[in-house]
Asks: 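This structure is in structure tokens; I'll ask about it shortly.
What you are looking at is a predicted structure, and each value in this text was computed from that prediction instead of being measured.
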Number of protein chains: 2
Amino acid sequence: MAVHVTEEEPRREQGEDRFLADYDPHAFAPAAVTVDVVALTIRSGEPHVLLTRRAAHPQRGWWALPGGFVRAQDGPDGPADPDLPDAALRVLSEKTLLPTELHLEQLGTYGARDRDPRMRVFSVAYMLLAPGLPDPRTGRGTEEAAWVPWRELGHGDGARAGRELAFDHGRVLADAVERARSKLEYTALATAFLPPAFTITALREVYQAVWGQDLHAANFHRKILATPGFVEDTGELSERGGAGGGRRARLYRAGGAALLHPPLLRSTQ
Amino acid sequence: MAVHVTEEEPRREQGEDRFLADYDPHAFAPAAVTVDVVALTIRSGEPHVLLTRRAAHPQRGWWALPGGFVRAQDGPDGPADPDLPDAALRVLSEKTLLPTELHLEQLGTYGARDRDPRMRVFSVAYMLLAPGLPDPRTGRGTEEAAWVPWRELGHGDGARAGRELAFDHGRVLADAVERARSKLEYTALATAFLPPAFTITALREVYQAVWGQDLHAANFHRKILATPGFVEDTGELSERGGAGGGRRARLYRAGGAALLHPPLLRSTQ
DNA sequence: AGAGAAAAACTCATCATGAGAAGAACTTGG
DNA sequence: CCAAGTTCTTCTCATGATGAGTTTTTCTCT
């Protein structure tokens, strides 16, 4: 039985205002919402993730993703976060003092019952991709903040278990890595890891670093230029060829396309 | 500066237990977490979404996605939800009395400041795909529950604005539709819309319904059979050819593969 | 100038795709 | 029963994309 919902037009009745006036939000069991940020970058050809060492309980001293409580309402600490992405960027800059104009994408929300010993905590994870960022400075609520290579965390090629992170952050990081790998296939996201002007070789090295496999340089070059809107020629050339000489590379900027058609697949080769 | 995190091994100190004993969860500003379910199915060749009409304030009488508060702790209404997917299935069965063994996938979390007039509400949206489900029966907290065609909500082909849903559920639904369309391309998800045994034509009709475009029957057939692990032959034939006669179709079941390599692309044609 | 290096262009066999035609298996109407 | 219509399935063929390798161009260093 299909229902034609275009026929009626309910509006807020007078009963609703009184309902809201009588509503007591404190009647609910306490639950907290946090944001955790998986910030990924590439340094000297290797993917790194931004980690902080916890300065406070619980799990003090453990490495963790930068994260913190969402400000649901205006309070003594500051105004409420207008939306979740705002909270993610605020928390990131508080803990690591990094700039906050970056590509941000929601990964998922984790809310298993015992993931935090304090209370029921629902954590919204964000992924952030950025070109060579500076070393983080240590901000409020952390002992230390640093870029850590994936390799050391056991997510480089899957096999090694690696070091555990606080809470369920190991799983969140693994989800982020898989999301980043998959998004490179069908979106132009790889350019988010690069400065405004870059060479095709630099773009290929992003793919190789994130996917952990080598790509055929000539075919990659052909494919990138054949994909409309992926990159635009700047007309400039790179400063120098490689260390031991070599032709100077053409510089490109990110094109307008967000999606790649057809996608760049990793598995078949 | 790369940090070698494999060298130290912090453990919970004695200070942590005392910290947890003194912790007051009520000190935080109230915030609530809800789950909303976008249940999608295909009925007579058209995609439908499951909607309920709100029986309670706020926005009483409006159509909305089935959803409700997550039980963060054990309480008078029942035990706490162990995890978010459990909450989604519980809420769905409470409001629509539908069975709850279905394909569930997290879509995203919405937490803009003024999306709910009662208090700060963070809503985790789930998408659920299912083969021809029965008409829902109206459960607790709803006036009515029904399958509504996408077409009537203005998401069939994008252009028309359609009828508004409560809160920001229109946007959640739009995100779910786009996610479903995109997941058909590179996963074997389409079989989730079908009964255990199905014909290639039925599978093609799922793609056509969700993508809103016709596909070349012969090429689709070839592509499906050439994709390893997508479908497995059952050896059976369908009961009858179409209404006006026709060859009986071979029946297949879903194969083991979750991902399609290479993907089935919609745009190029 | 010559060797080596990196980027870019080219070649070619193979595979995938879009479009259409033809065959196979079934139902219905004469 | 036979012919016509329908649906499913297989086949053909032109075109385009891909994987692998080679060649050309342009640079640095000795």
Side-chain angles (χ1 to χ4, degrees), chain A residues 45 184-186 194 197-208 211 213-253 257 259-269, chain B residues 45 184-186 194 197-208 211 213-252 259-269:
Chain A
L184 287 199
E185 290 192 327
Y186 58 96
L194 293 169
F198 51 86
T199 65
I200 300 288
T201 297
L203 183 62
R204 178 167 48 83
E205 283 167 350
V206 168
Y207 276 88
Q208 293 179 159
W211 286 351
Q213 66 182 225
D214 284 348
L215 299 173
H216 189 287
N219 291 341
F220 183 84
H221 200 277
R222 175 181 62 187
K223 171 80 181 179
I224 297 305
L225 296 185
T227 301
F230 196 170
V231 297
E232 285 170 11
D233 197 337
T234 63
E236 313 268 305
L237 293 180
S238 62
E239 278 306 296
R240 316 184 55 196
R247 184 173 174 173
R248 292 199 293 164
R250 212 177 275 257
L251 286 172
Y252 295 85
R253 70 176 78 91
L259 294 171
L260 303 184
H261 277 290
L264 248 163
L265 300 177
R266 57 181 147 152
S267 61
T268 327
Q269 56 182 331
Chain B
L184 288 199
E185 289 190 330
Y186 58 95
L194 293 169
F198 52 85
T199 65
I200 299 289
T201 297
L203 184 62
R204 178 168 48 84
E205 284 167 351
V206 168
Y207 276 88
Q208 293 180 158
W211 286 353
Q213 66 182 221
D214 285 348
L215 299 173
H216 189 286
N219 290 342
F220 183 84
H221 199 280
R222 175 183 61 187
K223 172 81 181 178
I224 298 305
L225 295 186
T227 302
F230 197 170
V231 297
E232 285 170 10
D233 198 337
T234 63
E236 314 267 305
L237 293 180
S238 61
E239 278 305 297
R240 315 186 54 198
R247 182 173 176 172
R248 292 199 291 164
R250 211 177 275 256
L251 286 172
Y252 296 85
L259 293 172
L260 304 184
H261 278 292
L264 249 162
L265 300 176
R266 54 181 150 153
S267 61
T268 328
Q269 55 184 328

Asks: Determine whether any donor atom in the side chain of Arg247(A) lies under 3.5 Å from an acceptor atom in the base of dT25(D), or the reverse, and answer yes or no.
Replies: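 Yes, the side chain and the base share a sub-3.5 Å donor-acceptor pair.
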Asks: Measure across Leu265(A) and Pro263(B) and return the closest heavy-atom pair with its distance rounded to 0.1 Å.
Replies: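 In this case the closest contact between Leu265(A) and Pro263(B) is CD1-CD, 3.6 Å.
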Asks: Within the sub-3.5 Å range, which N or O atoms of nucleotides 28-30 of chain C have a protein N or O partner, and how far apart are they?
Replies:
residue : atom : partner   : partner atom : Å
dT28(C) : OP1  : Arg240(B) : NH2          : 3.2

Asks: For a quick test of reading the model, state the closest non-hydrogen atom pair linking Leu184(B) to Leu260(B) and the distance between them.
Replies: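 Nearest pair, atom of Leu184(B) first, then Leu260(B): O-CD1, 4.2 Å.
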Asks: How would you list, by chain and number, every residue that makes a ring pair (Phe, Tyr, Trp, His ring centres under 6.0 Å) with Tyr207(B), sequence neighbours excluded?
Replies: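 Residues passing ring pair (Phe, Tyr, Trp, His ring centres under 6.0 Å) with Tyr207(B): Trp211(B), Phe220(B).
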Asks: Among residues 224-235 of chain A, which residues get a heavy atom nearer than 4.0 Å to DNA chain C?
Replies: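 Listed by number, there are none.
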Asks: Under the side chain to side chain donor-acceptor pair (under 3.5 Å) rule, collect the residues that match up with Glu236(B), sequence neighbours excluded.
Replies: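 If we apply the side chain to side chain donor-acceptor pair (under 3.5 Å) test to Glu236(B), skipping adjacent residues, there are no hits.
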Asks: Could I get the full list of side chain to side chain contact (heavy atoms under 4.5 Å, CB included) partners for Arg250(A), not counting sequence neighbours?
Replies: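 For Arg250(A), the residues satisfying side chain to side chain contact (heavy atoms under 4.5 Å, CB included) (neighbours in sequence not counted) are Asp233(A), Leu237(A), Tyr252(A).
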Asks: What are the two closest heavy atoms between Gln213(A) and Arg266(A), and how far apart are they?
Replies: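 Closest approach of Gln213(A) to Arg266(A): OE1-O, 3.2 Å.
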Asks: Nearest to the side chain of Arg222(A), heavy atoms from C-beta on, is which of dT17(C), dT18(D), dA8(C)?
Replies: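 Minimum distance to the Arg222(A) side chain belongs to dT18(D).
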Asks: Which nucleotide, dC8(D), dG21(D), dA8(C), lies nearest any side-chain atom of Thr201(B)?
Replies: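 Selected nucleotide: dC8(D).
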Asks: Whole Å only: how far is the CZ atom of Arg250(B) from the C1' atom of dC26(C)?
Replies: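 Going from Arg250(B) (CZ) to dC26(C) (C1'), I get 15 Å.
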Asks: Tell me the side-chain hydrogen bond (donor to acceptor under 3.5 Å, both in side chains) pairs involving residues 220-229 of chain A, sequence neighbours left out?
Replies: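 Only Asn219(A)-Arg222(A) qualify under side-chain hydrogen bond (donor to acceptor under 3.5 Å, both in side chains).
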Asks: Would you say a side-chain N or O of Arg248(B) is under 4.0 Å from OP1 or OP2 of dA25(C)?
Replies: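 So the side-chain polar atoms of Arg248(B) never come under 4.0 Å of the phosphate oxygens OP1 or OP2 of dA25(C).
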Asks: Give the rounded distance in Å between these two atoms: CD of Glu239(B) and P of dC8(D).
Replies: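 So the two atoms are 15 Å apart, to the nearest Å.
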Asks: By the 4.0 Å heavy-atom rule, please label Ala218(B) as base, sugar-phosphate, or nothing.
Replies: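 Answer is base: heavy atoms of Ala218(B) come under 4.0 Å of a base.
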Asks: Given dG19(D), dC26(C), dG20(C), which nucleotide is nearest the side-chain atoms of Leu237(B)?
Replies: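 Nearest to the side-chain atoms of Leu237(B), counting from C-beta on, is dC26(C).
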Asks: Quick one: closest heavy-atom pair of Leu251(A) and Thr234(A), and the distance?
Replies: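 For Leu251(A) and Thr234(A), the tightest heavy-atom pair comes out as O-OG1, 2.7 Å.
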Asks: Distance check: side-chain N/O of Lys223(A) vs OP1/OP2 of dA17(D), anything under 4.0 Å?
Replies: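 No.
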Asks: What closest approach, in Å, do Pro228(A) and His261(A) show between heavy atoms, and which atom pair accounts for it?
Replies: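 Smallest heavy-atom distance, with atoms named: CD-O, 4.2 Å.
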Asks: When all nucleic acid strands are considered with a 4.0 Å heavy-atom cut-off, which category describes Thr199(B): base, sugar-phosphate, or nothing?
Replies: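 If one applies the 4.0 Å heavy-atom cut-off, Thr199(B) turns out to touch nothing in the nucleic acid.
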Asks: Tell me: NE2 of His216(A) to P of dG19(D), nearest whole Å?
Replies: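 It works out to 9 Å between those atoms.
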Asks: In whole Å, I'd like the distance from the CG atom of Leu265(A) to the C1' atom of dC15(C).
Replies: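 Computing the Leu265(A):CG to dC15(C):C1' distance gives 14 Å.
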Asks: For Leu215(A) and dG21(D), give me the distance from atom CG to atom P, rounded to whole Å.
Replies: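 It is 15 Å, rounded to the nearest whole Å.
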Asks: Does any part of the side chain of Leu203(A), heavy atoms only, come nearer than 4.5 Å to the side chain of Phe230(A), both counted from C-beta?
Replies: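 Touching, per the 4.5 Å side-chain cut-off.
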Asks: Would you mind reading off the distance between Phe220(B) atom CZ and dT9(D) atom P, rounded to a whole angstrom?
Replies: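 Interatomic distance, CZ of Phe220(B) to P of dT9(D): 12 Å.
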Asks: Starting at atom CG of Leu203(A), determine the distance to atom C1' of dA6(C), rounded to an integer number of angstrom.
Replies: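 So the CG-C1' distance, Leu203(A) to dA6(C), works out to 17 Å.
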Asks: What is the distance from CD of Gln213(B) to P of dG18(C), rounded to the nearest Å?
Replies: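 Computing the Gln213(B):CD to dG18(C):P distance gives 10 Å.
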Asks: Identify which nucleotide among dA20(D), dC8(D), dT17(C) has an atom closest to any side-chain atom of Asn219(A), counting heavy atoms from C-beta outward.
Replies: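 From the listed options, dA20(D) comes nearest.
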Asks: Using OP1 and OP2 only, check whether a side-chain N or O of His221(B) sits under 4.0 Å from dT9(D).
Replies: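 Affirmative; the distance criterion is met.
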Asks: Return the nearest nucleotide to the side chain of Ala249(B); candidates are dC13(D), dC8(D), dT11(C).
Replies: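 The answer is dC8(D).
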